[in-house]
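First the structure, in the form of structure tokens, and then the observations on it.
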2 protein chains.
Amino acid sequence: MHNKIDCQDERFSPKTNHIDSSECQLCEVRACGMCSELDTATLNDLRKITRSRDYKAGELIFSDDAPLQSYAAIKSGIVKLSKILPDGRQQTLGLGFPPDFIGRTYKDKNTYFVSAITNVTVCTFPRDLFNEYLKATPSLEHRLFELTLNELDAARDWMLMLGRMSAIEKVATLLLSFADRLYKSNSLQGIPCDETHFELPLTRSEISDFLGLTIETVSRQFSLLKKKGLIGITQQRFIEILDKEGLSLLAGQLKET
Amino acid sequence: MHNKIDCQDERFSPKTNHIDSSECQLCEVRACGMCSELDTATLNDLRKITRSRDYKAGELIFSDDAPLQSYAAIKSGIVKLSKILPDGRQQTLGLGFPPDFIGRTYKDKNTYFVSAITNVTVCTFPRDLFNEYLKATPSLEHRLFELTLNELDAARDWMLMLGRMSAIEKVATLLLSFADRLYKSNSLQGIPCDETHFELPLTRSEISDFLGLTIETVSRQFSLLKKKGLIGITQQRFIEILDKEGLSLLAGQLKET
DNA sequence: CTAGAGTATTGATTTATATCAAGCTCATAG
DNA sequence: CTATGAGCTTGATATAAATCAATACTCTAG
């Protein structure tokens with residue numbers, strides 16, 4: 001089945017590139033993502049149907065209605081999943097960091113948008129071939145299942161936040177969650193970082209879509225947190241957590257995205 | 001491994017009963033739940049570690065912090081999953097209908113409560129034995145994966161509702177979702193029913209925990225929908241949908257729980 | 001160095017929902 | 001059949017967040 005594929009295959013966009021095995025060795029997806037339970041032979045097979053692809057910040061990766069042509073694994077950058085109501089109201093459902101998998105297996109559509117928040121690099125897999133692979137490789141399905149369970153846990157944490165938290169609690173929760181995720185992600189990639197300083201990769205508008213608030217309310221909560229001495233903000237995007245205790249107290253509960 | 005189990009096994013509460021094969025034949029879990037892709041032999045094996053158990057409306061099934069001792073599949077009745085903030089604020093995360101599976105595989109805890117909304121009958125599986133089974137049976141894991149993906153879809157639909165809908169839209173969405181789910185569920189079980197009449201199994205308080213509102217707001221929206229002629233209410237719990245079009249318009253978008 | 005666009009903050013006002021407070025309905029037990 | 005209590009509705013008021021509006025910051029391109 002795999003030798004059907006070559007560079008001319010119409011399922012691959014011209015913007016894509018082959019992956020070589022040395023790339024896999026350094027990859028977070030290989031380390032702890034969907035590839036982490038594959039043996040070398042299977043990984044090599046999978047690589048034949050895989051192409052690397054870059055997206056610029058803001059670009060749409062998957063639409064909410066177009067038939068799903070491919071799945072993807074995030075190698076670097078951050079994506080968001082979102083839904084839009086007919087009148088334009090938008091809700092972000094979650095963020096994807098390396099080594100997350102994106103795409104709805106066992107359905108022919110996503111029911112949400114996936115778009116790049118920062119510049120993003122992904123490995124893409126043509127849908128039909130990947131599905132055959134998935135069927136034949138229980139260890140791959142097992143790993144995807146685990147990743148999906150984590151996503152479900154995260155979605156449920158955010159439901160509690162969306163339904164029951166005040167604006168300031170939401171913002172505090174988001175900041176802590178980001179501090180944690182960016183620290184872990186950067187550490188894994190060997191990027192020097194510390195737990196209290198980070199660049200918030202989201203605009204205020206993206207934050208408000210995530211928290212179910214408006215831009216103005218988000219902005220006011222940031223100012224409030226600054227006034228209370230819990231955080232410092234420079235250049236609008238660079239956050240320093242000055243009082244993690246205090247922030248956690250405000251956030252109340254949640255720990256992870 | 002399975003012959004270790006008998007009625008005296010301490011992992012089984014005294015309130016439980018054996019399952020016989022004729023029961024499975026009529027069961028929704030067998031028809032379209034986690035058992036649906038098991039062959040007869042595997043099903044018979046699984047049945048040896050399975051016990052039936054009843055819960056009364058309101059009873060707690062799984063707690064959010066106690067180590068998970070068993071998993072369960074819902075045979076009849078409705079359960080809710082919920083989270084509680086330290087100060088008591090509560091958010092319902094979703095409802096479980098037959099043939100849903102409950103319990104967080106691959107972790108030793110649920111991070112939420114599961115409780116019976118109506119009287120409920122479940123099949124329970126001791127955690128450690130079920131895990132062995134799961135590892136050995138890819139078709140079972142596959143089915144659980146699919147069920148989990150559906151739960152994730154549902155969770156994300158509700159995130160949009162929680163984050164971006166007004167009170168009246170939330171209530172309209174809930175009613176449509178219930179009409180649909182109860183109709184499907186009852187039809188499957190051969191219970192006579194129609195799509196426009198149903199008994200709402202939730203109290204106003206449970207509804208408000210689900211929608212991220214207060215009891216009073218929920219009540220007001222019901223009254224409003226009645227005044228607009230979209231629904232009829234008798235005895236507070238019996239709902240008649242008088243204008244599905246209008247209700248769907250109000251709800252805006254979502255279709256399923 | 002400046003203009004301009006995009007992004008963020010801050011203020012004034014409105015509005016949806018929460019909160020507080022009665023009173024009502026319905027099922028059940030005496 | 002009536003008393004009781006849990007669950008529900010309705011009204012009055014308070015409040016958090018949305019909306020509307022103006023101004024300020026930050027980066028880029030010229």
Side-chain angles (χ1 to χ4, degrees), chain A residues 56-59 80 85 87-91 117-119 161-175 199-228 231-239 250 252, chain B residues 56-58 80 85 87-92 117-119 161-175 199-228 231-239 250 252:
Chain A
K56 291 240 174 294
E59 261 190 278
K80 69 170 179 184
L85 246 16
D87 65 359
R89 281 175 290 175
Q90 189 168 346
Q91 178 63 49
I117 284 189
T118 62
N119 290 341
M161 180 216 67
L162 286 172
R164 289 303 183 197
M165 282 190 183
S166 67
I168 194 140
E169 291 172 317
K170 287 178 175 181
V171 172
T173 302
L174 181 85
L175 288 176
E199 182 183 354
L200 202 56
L202 307 177
T203 65
R204 296 292 186 268
S205 167
E206 286 168 329
I207 293 171
S208 65
D209 284 339
F210 201 177
L211 303 182
L213 298 170
T214 58
I215 297 177
E216 296 94 326
T217 300
V218 170
S219 182
R220 277 183 244 274
Q221 307 316 314
F222 271 94
S223 302
L224 235 168
L225 291 174
K226 199 162 71 172
K227 206 188 300 176
K228 288 185 181 212
I231 63 170
I233 308 174
T234 37
Q235 291 172 102
Q236 297 171 155
R237 296 284 195 90
F238 292 88
I239 306 292
L250 245 186
Chain B
K56 292 241 174 290
K80 68 169 179 184
L85 247 15
D87 64 0
R89 281 175 291 175
Q90 190 169 344
Q91 178 64 48
T92 293
I117 284 188
T118 62
N119 290 342
M161 180 217 68
L162 286 172
R164 289 304 184 195
M165 283 190 182
S166 68
I168 193 141
E169 291 172 317
K170 286 177 176 180
V171 171
T173 301
L174 181 86
L175 288 176
E199 182 185 354
L200 202 56
L202 307 177
T203 65
R204 296 291 187 268
S205 167
E206 287 168 328
I207 294 171
S208 66
D209 283 338
F210 201 178
L211 304 182
L213 299 170
T214 58
I215 297 176
E216 296 95 325
T217 300
V218 170
S219 181
R220 278 184 243 272
Q221 307 315 315
F222 272 95
S223 303
L224 235 168
L225 291 173
K226 199 162 72 174
K227 206 188 298 174
K228 288 185 181 213
I231 63 170
I233 308 175
T234 38
Q235 291 171 103
Q236 298 171 154
R237 295 286 196 91
F238 292 88
I239 305 292
L250 247 185

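Just so it is clear: chains get the letters A, B, ... in the order the sequence lines come, proteins before strands, and each one is counted from 1.
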>> Quick one, B:F222 with B:L200, criterion side chain to side chain contact (heavy atoms under 4.5 Å, CB included). Give me CA distance, side-chain angles, the key distance, then yes/no.
In response: CA-CA 12 Å; B:F222 272 95; B:L200 202 56; 3.8 Å; yes

Could you state the [atom1]-[atom2] distance from [X] to [N], rounded to the nearest angstrom?
| X | N | atom1 | atom2 | answer |
| --- | --- | --- | --- | --- |
| B:I215 | D:dT10 | CD1 | P | 15 Å |
| A:K227 | C:dT9 | NZ | C1' | 12 Å |
| B:I168 | C:dT15 | CD1 | P | 17 Å |
| B:Q236 | C:dA27 | CD | P | 8 Å |
| A:L224 | C:dG11 | CG | C1' | 14 Å |
| A:L213 | C:dA8 | CG | C1' | 16 Å |
| A:I233 | D:dA24 | CD1 | P | 19 Å |
| B:Q221 | D:dT9 | CD | P | 12 Å |

>> Quiz question: by atom type and distance under 3.5 Å, do the side chains of B:T214 and B:T217 form a donor-acceptor pair?
In response: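 Yes, B:T217 and B:T214 have a side-chain donor paired with an acceptor closer than 3.5 Å.
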
> Among residues 200-209 of chain B, which residues get a heavy atom nearer than 4.0 Å to DNA chain C?
Replying inline: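 Those residues: none at all.
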
When you measure from the side chain of [X] to the backbone N and O of [Y], does any donor-acceptor pair fall under 3.5 Å?
| X | Y | value |
| --- | --- | --- |
| B:R204 | B:I215 | no |
| B:T173 | B:E169 | yes |
| B:K170 | B:L211 | yes |

> Testing B:T92, B:V218, B:L162 for side-chain contact (heavy atoms from CB on, under 4.5 Å) with B:F210, which one passes?
Replying inline: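 Filter result, single survivor: B:T92.
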
>> So if I take the C1' atoms of five pairs at each end of the helix from C:dC1-D:dG30 to C:dG30-D:dC1 and get each local axis, what angle do the two axes make, rounded to 10 degrees?
In response: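 Overall, the helix from C:dC1-D:dG30 to C:dG30-D:dC1 bends by 30° from one end axis to the other.
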
Which atom pair, heavy atoms only, marks the closest approach of [X] to [Y]?
| X | Y | value |
| --- | --- | --- |
| A:P201 | A:I117 | O-CG2, 3.5 Å |
| A:A57 | A:N119 | N-OD1, 2.8 Å |
| B:Q91 | B:D209 | NE2-O, 3.1 Å |

>> If you define the side chain from C-beta out and look only at heavy atoms, does anything of B:L85 sit under 4.5 Å from A:M165?
In response: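 They are in contact (side-chain heavy atoms under 4.5 Å apart), so the answer is yes.
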
> Can you check whether A:T214 has a side-chain N or O nearer than 4.0 Å to OP1 or OP2 of D:dA18?
Replying inline: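 True: A:T214 side-chain N/O within range (under 4.0 Å) of D:dA18 OP1/OP2.
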
>> Please determine whether a side-chain nitrogen or oxygen atom of B:Q235 lies at a distance below 4.0 Å from atom OP1 or OP2 of C:dA27.
In response: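 So the side-chain polar atoms of B:Q235 do come within 4.0 Å of the phosphate oxygens OP1 or OP2 of C:dA27, strictly under.
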
> Should B:I233 and B:L225 be marked as a side chain to side chain contact (heavy atoms under 4.5 Å, CB included) after you check the CA-CA gap, both sets of side-chain angles, and the distance that decides it?
Replying inline: CA-CA 10 Å; B:I233 308 175; B:L225 291 173; over 6 Å; no

> Mapping A:K226 and A:R164 onto DNA chain C by nearest heavy atom, which one lands closer to the 5' end?
Replying inline: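 Residue closer to the 5' terminus by nearest nucleotide: A:K226.
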
>> Base, sugar-phosphate or nothing for A:S219? Non-hydrogen atoms, less than 4.0 Å.
In response: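 Contact class for A:S219: base.
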
> What one-letter contact string describes nucleotides 11-16 of chain D from 5' to 3', where B marks a base within less than 4.0 Å of any protein heavy atom, S marks contact via sugar-phosphate atoms alone, and - marks no contact?
Replying inline: BB----

> Of all the choices, C:dT17, C:dA8, D:dT9, which nucleotide is nearest to the side chain of B:T217 once you look at every atom?
Replying inline: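 Selected nucleotide (nearest to the side chain): C:dT17.
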
> Going through the distances and angles, do B:I239 and B:E199 end up as a side chain to side chain contact (heavy atoms under 4.5 Å, CB included)?
Replying inline: CA-CA 6 Å; B:I239 305 292; B:E199 182 185 354; over 6 Å; no

